[in-house]
Amino acid sequence: MNIEIDKLISHLKSQGFVFQGSEIYGGLANSWDYGPLGAEVKTKLKKLWWDYFVRRNQYNIGIDTSIILNSKVWNASGHLGNFNDPLIDCKSCKSRFRADKLIEEKFSDLNVGGWTNNQLENFLKKENINCPKCGKNDFTNIRQFTLMFKTSQGVVEDEGSIVYLRPETAQGIFVQYKNSQRALRKKLPFGIGQIGKSFRNEITPGNFIFRTREFEQMELEFFFAPTDQNDWFQYWLNKVIFFLEEVIQINKENYSIREHDKSELAHYAKRTVDIEFNFPFGRGELWGIAHRSNFDLKQHQEYSSQDLTYFDPETNEKYLANVIEPSVGVERLLLAIFCQSYKEEKLDNGERIVMKLPYKLAPYSIAVMPLQKQQKEEAQILYEKLLLNYDAVFDDTGNIGKRYRRQDAIGTPFCITLDFDSEVDNCVTIRDRDTMSQQRIKIEEIDKYLLEKNI
Ligand code: GAP
């Protein structure tokens, strides 16, 4: 994607979308806060996901589980044993890298996901892959570095008080699968969705909000009988694509679909497909769809000694459900949306930066403006009326051209202006963000106009 990420970051900061975390203290590496407008977009994005994957899906229900779980959960899930990255240090300049990423950055077609430490080390030497910082080829041996964020709970800090911040929201769902199924009397197939914070002590966070140590996930665990012949993997892949293209309007040409090869699969996965977005810094995973088989339920059944099987009332059989999981990071999706929406446009009378956000994700749907001071009171009354049904903002500072630019910069789809004639003809001018065309309509037709525009 052909935009400069630094320009986007600076725009998002100046307009109140994304700020550097802890900025007044010099910041905290790779932490980002969402300003007033960013928080709006994020909230709207999460609601669209929840509506589509949970509330308005015939099979699914939603849940909200804790960030800190009993540590046995992470033994059972395999995270305490397997959730590691291969860490390597440059002996010369002391920079730290992920060995697999060093290779993949140079050989973009290679997939080294399943390689052993020895294989990675030998390849780095054989191919003369040098330190990207100082250019030397003098690395330490690889050490496996756990991504789990460790902390302790309670007054006494000892072995028994160690807890972890969850690295995925999925495990909370598996742990509460049986309770949810029983309480809601759900029959297979059914899914449980969750949105929430996850934490990973990433070795190489970066690329703005693409990879951070604290982030939010939107995950669905869809449970079905092992004998069920429906292609649920394809079903959920189609749903994800529909959500991307139709609900949040990601352009087809900006993403691609990649099937993982066997060596790359995570410890729990039987099959995985990634939707990759063409970010300004290269292609990167946006959304993963995984077949987790009955791995998690089996592990939790064994480690908790609780029966997590499903009793099938039709066949009178008991079995563990299989699982398909579509999982996406909120901030990563937000970054894709920001990248796609950010446009610098040349105009006859200058230039503008416009955020062509999907209408449903724009912080404000409409801006109400008096052309001059004389219409301020009337515009304020209209604004308060519109506020009852729309996400509206009032803007009366600067000349009208400046105000249009300001609203373009934050992605407001429509500006409604009252002028000298409004009092006489009861009309306003509506300006369209994308076409910049203006139309004069009756005040009582504003609702109809906005309805036609899907606001
Ligand atoms: N439960 C499966 C799971 O967590 P994953 O591929 O590790 O799978 C799923 O993560 C999604 O979460 C990714 O596709 C990405 O969108 C997001 N994600 C993962 N790590 C992230 C990070 N460090 N920062 C931001 N988003 C991340």
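Source: prediction; values computed, not measured. Just follow the structure's listing: the first ligand is 1, and inside any ligand the first atom is 1.
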Q: Heavy-atom distances under 4.0 Å are what count here, so tell me which part of Glu331 touches ligand 1: side chain, backbone, both or neither.
A: neither
Q.
For ligand 1 and Ile209, I'd like to know whether there is a polar contact (N/O to N/O, distance under 3.5 Å).
A. no
Q) Are Tyr52 and Glu246 linked by a side-chain donor-acceptor pair shorter than 3.5 Å? A) no
Q) For Glu219 and ligand 1, does the shortest N/O to N/O distance drop below 3.5 Å? A) yes
Q. Backbone, side chain, both or neither: what part of Arg213 comes under 4.0 angstrom of ligand 1, heavy atoms only?
A. neither
Q) What are the two closest heavy atoms between Ser180 and Ile192, and how far apart are they? A) CB-CD1, 3.8 Å
(Q) Among all the protein's non-hydrogen atoms, which is closest to atom 18 (N) of ligand 1, and how far away is it? (A) Phe215 CE1, 3.6 Å
Q) Does ligand 1 have a heavy atom under 4.0 Å from the side chain of Leu286, from its backbone, from both, or from neither? A) backbone
Q. With a 3.5 Å cut-off and no angle check, do the side chains of Thr116 and Asn118 form a donor-acceptor pair?
A. no
Q: Can you measure from CG (Leu334) to CD (Glu216) and round to the nearest 0.5 angstrom?
A: 10.0 Å
Q. How far is atom 24 (N) of ligand 1 from its nearest protein heavy atom, and which residue and atom is that?
A. Thr212 N, 3.1 Å
Q: Please write down residue, atom name and distance for the protein heavy atom closest to atom 9 (C) of ligand 1.
A: Ser327 OG, 3.0 Å
Q | Per atom 8 (O) of ligand 1, closest listed option by heavy atom (Trp287, Tyr268, Phe210) | A | Tyr268
**Q.** Ile5 side, atom CD1; Ile3 side, atom CD1 - distance, nearest 0.5 Å
**A.** 5.5 Å
Q) Does NZ or CZ of Arg271 lie under 6.0 Å from the centre of the six-membered ring of Phe233, at an angle within 45° of the ring axis? A) yes
Without placing hydrogens or testing angles, list every side-chain donor-acceptor pair under 3.5 Å for residues 64-78, not counting sequence neighbours.
from  : atom 1 : to     : atom 2 : distance (Å)
Thr65 : OG1    : Gln194 : OE1    : 3.1
Thr65 : OG1    : Gln194 : NE2    : 3.1
Asn70 : OD1    : Lys72  : N      : 3.0
Ser71 : OG     : Ile162 : O      : 3.0
Ser77 : OG     : Val73  : O      : 3.3
Ser77 : OG     : Trp74  : O      : 3.4
Ser77 : OG     : His79  : N      : 3.3
Ser77 : OG     : His79  : ND1    : 2.7

(Q) Is it the case that ligand 1 has an N or O less than 3.5 angstrom from some N or O of Val328? (A) no
Q. Which heavy atom in Asp312 sits nearest to a heavy atom in Tyr319, and how many Å separate them?
A. OD2-OH, 2.6 Å
Q) Can you tell which of Glu214, Glu276, Gln217 gets a heavy atom nearest to atom 10 (O) of ligand 1? A) Gln217
Q | Enumerated ligand 1 atoms positioned under 4.0 Å from heavy atoms of Glu325 | A | 1 (N), 2 (C)
Q | Test of proximity, Glu168 against ligand 1: N or O pairs below 3.5 Å | A | yes
Q | Check: Phe311 main-chain N/O paired with Glu317 side-chain donor or acceptor under 3.5 Å | A | no
Q: Check ligand 1 against Arg211 and write out every atom of the ligand that is under 4.0 Å from a heavy-atom position of the residue.
A: 23 (N), 24 (N)
Q: Report the nearest protein non-hydrogen atom to atom 15 (C) of ligand 1: residue, atom name, distance rounded to 0.1 Å.
A: Arg332 NH1, 3.6 Å
Q) For the residue pair Cys93 and Cys131, what are the closest heavy atoms and their distance? A) SG-SG, 3.7 Å
Q) So is Arg292 close enough to ligand 1, meaning a heavy atom under 4.0 angstrom away? A) yes
Q. Among all protein non-hydrogen atoms, which one is nearest to atom 14 (O) of ligand 1, and what is the separation to 0.1 Å?
A. Glu285 OE2, 2.6 Å
Q. For atom 4 (O) of ligand 1, what is the nearest protein heavy atom, given as residue, atom name and distance?
A. Arg200 NH2, 2.8 Å
(Q) Quick check with a 6.0 Å cut-off and a 45 degree axis cone: is Arg433 positioned over the face of Phe414's six-membered ring? (A) no
